[in-house]
Amino acid sequence: MPRTGRLTTATAVLAVISALATACTGQGADTASDDPKADVTLNFWHGWSAPSEVKAIEENIARFEKAHPNIKVRVTGDMTDDKVNQALRAGGDKAPDVVSSFTTDSVGKFCNSRAFADLNPFLTKSGVDKTKVFPKTLLEYTQFEGNQCTLPLLHDAYGLVYNKTAFAAAGITEPPKTWSQFTEVAQKLTKPKGDSYEQVGLMPTFHGYETKPMRLAAQWSPTYFTADGRSGLAVDPAFVKMLTAQKDLVAKLGGYEKLERFRNTFGDEWSAEHPFHTGQVAMQIDGEWRAPMAKEAGVAFEIGTAPMPVPDEQADDYGKGYLSGTIMGIAAGSKKQNAAWELVKYMTTDTEAVVAFANAIHNVPSTFAALQSPALQVTPEFKTFLDIARHPKSSTTPAKADGGTYQLTFTDFAYAVEKGDVGDIPAGLAKTDQQIDTDIAKAK
Amino acid sequence: MTGAHPLRAKRRRSALRTAAFLSPWLIGFAVFFLYPLLSTLYFSFTRYDGFRQPAFNGLDNWSYVFTDYPLFWPAMRNTLWLVLVMVTCRVAFGLGIGLLITKIKTGTGIFRTLFYLPYLAPPVAATLAFVFLLNPGTGPANTLLDAVGLPTPGWFTDADWSKPALTALALWGVGDLMVIFMAALLDVPKEQYEAAELDGAGAWARFRHITLPNISPIIMFAVVTGVIQAMQYYAQPLVAGKVAAGVIGGSGQQFEPGYPDKSTLTLPQLVYNLGFQRFDYGTACVVALVLFALSMAFTALLMRRRGGLIGAGE
């Protein structure tokens, strides 16, 4: 074979390999051209797994299919972000067209990598003004640098769930509003038993289920990043104050080691043996789901809910809290994006659908209209969380290119602080900032 | 000149025949080893998130892993600890149990079954059971230690004890090695022991000069497979860390493996964490290559030792 012929063959083979490799990345077109009125079947992946939640989502999908007879939805539940990531990358007929995820921390990664389609053109095409439909905080954690690659599908507000019966027994008449009251109440509710406890007022360590550094920090209204986009943990005094206050609470309730040893006797967070249900902790930092879960577990005590306490110097802001939630997006590689948008639009913006779903799984609705809807079932315990969700100073953690890695880095530092391994918190935060900046620069 | 052509043709036919016989292995080697290895090497010099096209970024990933990635060195130390300590303990314990069972006269079947059964337990279930047994507050292990006045470790919640706890889990599942060692021990010619006894050799001398040389290839096999297992150690430390940290799933926050204090973090966990959770395939490839180099280094070292051991046996 002449040399030029070999070269031509080699070039052709390389071209075919390149084309195949490009196809394998699952990269989609920039605009959707499919007909949303055509008969189509969508693959929808979500993370819910509890029977009541699965039933709720199936009912929601059934309502959608009734309203859109040309669109069938094939639902797959119990999906994690790892599986979603791999399926989106692989592409093909079995890959999801529509995805919902509990991990708002992943939004930055999904948007930055263009794994999900930007929903802004779809919103514009449908005449939906997102700022009039969704609260500002929810729009913050569902977009990244202007790319609205997901929309909120219900959300979670974090507050305090407490054992009213234990409060009465300790002579406490109302939930604590400031951090000093909180510390005092937590100590009053703590009953030692030998080297351990019969009951702690609160499990304050950062492995205590929902007691994450970010949830507590929200009460100090922190700013995670400076105006130029750099990590600002050492710049905003909120973080030093929060970490110092938490470390002080850990010390006052018996110290890190003793508390951690007690924490290891706790049951699973999502089972009936949760320590709040069993009376091992009297106050729990948690989402709106905890009170109904405790009732379903058949607890013998009365349950109260309240916003998380605020630092003493911010007493006027009492009522605020940390917000997070479920997100929903369209796979960038989907060939049925217009039909997929119909499903996303229905599930995230249709008031009836949002309210019905919120009622079924006891989550906070994610649209202004649903939050005001008379059809929303509001128990006194749930109302606390609705109020936290509506509070103007409630906040979330921003989406970043590295997803939630910056939060994990901060959390790692918080573990070291509560354990007593950090002498100089501001210096440690400055070092943490450097690490976060390096990680984000790497991810961008 | 005329005789050279048929010879060349014969050689070519012979080469083709050899290639044909080798082709299944060559194809497997190229598809499942060479291509992935070269791809991994290529991706390690790129910024690649699995969605967009890889973009060449030189030595960025390599320098990030060795200088800026805070999880790499703890994972490296843990993996080396597991390779050295866990493998040594497993081989020594498996050999010890094998020796004991070959010596006892009655109930051998019962003991064999008792020691072998744990090996059949799925790794995740076995780990869950160990986290329960070693629960520092309510576990039976600490209740027992406390009853006899001994200190009660935090096991999977204490960074100093988490790897020993994982080693205990590995020893519990040592049934596979026990069976292999038993087979080897029973194969040692009895005449050699009889001759040694006549020469006045004690138990240690018999073990040192007869048993060990005879079973050295099996010890080498146990060490090599043990090193490979330790290099791939993923599920047990992840499950133990998650359960002990109280993270079963649910609220949607990411979980970083390694609880407590990164003491159970391993290199294979980093590969998964970087590639599939941080969408950073380029950096994941660097860690994978480090793991590969480490495996090669250990294998080379063991192969050099192997010569001496087998030589002693022969």
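Chain letters run A, B, ... following the sequence lines, proteins first, then strands; residues in each count from 1.
Between A:Lys442 and B:Asp280, at least one side-chain nitrogen of the basic residue sits less than 4.0 Å from a carboxylate oxygen of the acidic one, meeting the salt-bridge criterion. A salt bridge links A:Asp412 with B:Lys262; the closest basic N to acidic carboxylate O contact falls under 4.0 Å.
Heavy atoms closer than 4.5 Å to chain B are found nowhere in A:Asp195, neither backbone nor side chain. Proximity to chain B is absent for every atom of A:Lys83, based on heavy atoms less than 4.5 angstrom apart. Contact of B:Tyr281 with chain A is made through the side chain alone, with heavy-atom distances under 4.5 Å. Contact annotation for A:Ala443: only backbone heavy atoms (N, CA, C, O) come within less than 4.5 Å of a heavy atom of chain B. Contact annotation for B:Thr152: both backbone and side-chain heavy atoms come within less than 4.5 Å of a heavy atom of chain A. Neither the backbone nor the side chain of B:Asp158 comes within less than 4.5 Å of any heavy atom of chain A. Heavy atoms closer than 4.5 Å to chain B are found in the backbone of A:Lys444, but not in its side chain. If you measure heavy-atom distances from B:Phe156 to chain A, you find no contacts under 4.5 Å at all. Looking at A:Tyr209, only its side chain comes within 4.5 Å of chain B, counting heavy atoms on both sides. Both the backbone and the side chain of A:Asn85 come within less than 4.5 Å of a heavy atom in chain B. Of the two parts of A:Phe206, neither the backbone nor the side chain holds a non-hydrogen atom closer than 4.5 Å to a non-hydrogen atom of chain B.
Counting non-hydrogen atoms of neighbouring residues, nucleotides and ligands closer than 6.0 angstrom, the CZ atom of B:Phe29 exceeds 12 such neighbours. Other residues, nucleotides and ligands place more than 12 heavy atoms under 6.0 Å from the CD atom of A:Gln86. B:Phe132 CZ: 12 or fewer foreign heavy atoms inside a 6.0 Å radius. Taking a 6.0 Å sphere around NZ of A:Lys431, one finds it holds 12 or fewer heavy atoms contributed by other residues, nucleotides or ligands.
Of all heavy-atom pairs spanning B:Phe276 and A:Asp82, the tightest one is O-OD1, 3.7 Å. A:Ser113 and B:Phe51 get closest at one heavy-atom pair: O-CB, 3.4 Å. Pairing each heavy atom of B:Arg47 with each of A:Asn112, the nearest pair is NH2-ND2, 4.1 Å. Here the shortest heavy-atom pairing between A:Gln435 and B:Pro70 reads NE2-CD, 3.2 Å.
Put simply, OG1 on B:Thr138 and CZ on A:Phe262 are 11.0 Å apart, with the number rounded to the nearest 0.5 Å. To the nearest 0.5 Å, atoms NZ (A:Lys109) and CZ (B:Arg278) are separated by 8.5 Å.
Side chains of A:Asp439 and B:Tyr69: a donor-acceptor N/O pair is absent below 3.5 angstrom, by distance only. A donor-acceptor contact closer than 3.5 angstrom is absent between the side chains of B:Thr157 and A:Arg261.
Top candidate by heavy-atom pairs under 4.5 Å with chain A, chosen from B:Asn57, B:Asn135, B:Thr283, is B:Asn135. Interface check for chain B: of the options A:Glu260, A:Arg263, A:Lys419, the most heavy-atom pairs under 4.5 Å are formed by A:Arg263.
Using a distance-only test at 3.5 Å, with no hydrogens or angles considered, no donor-acceptor pair links the side chain of B:Gln277 to the main chain of A:Thr405.
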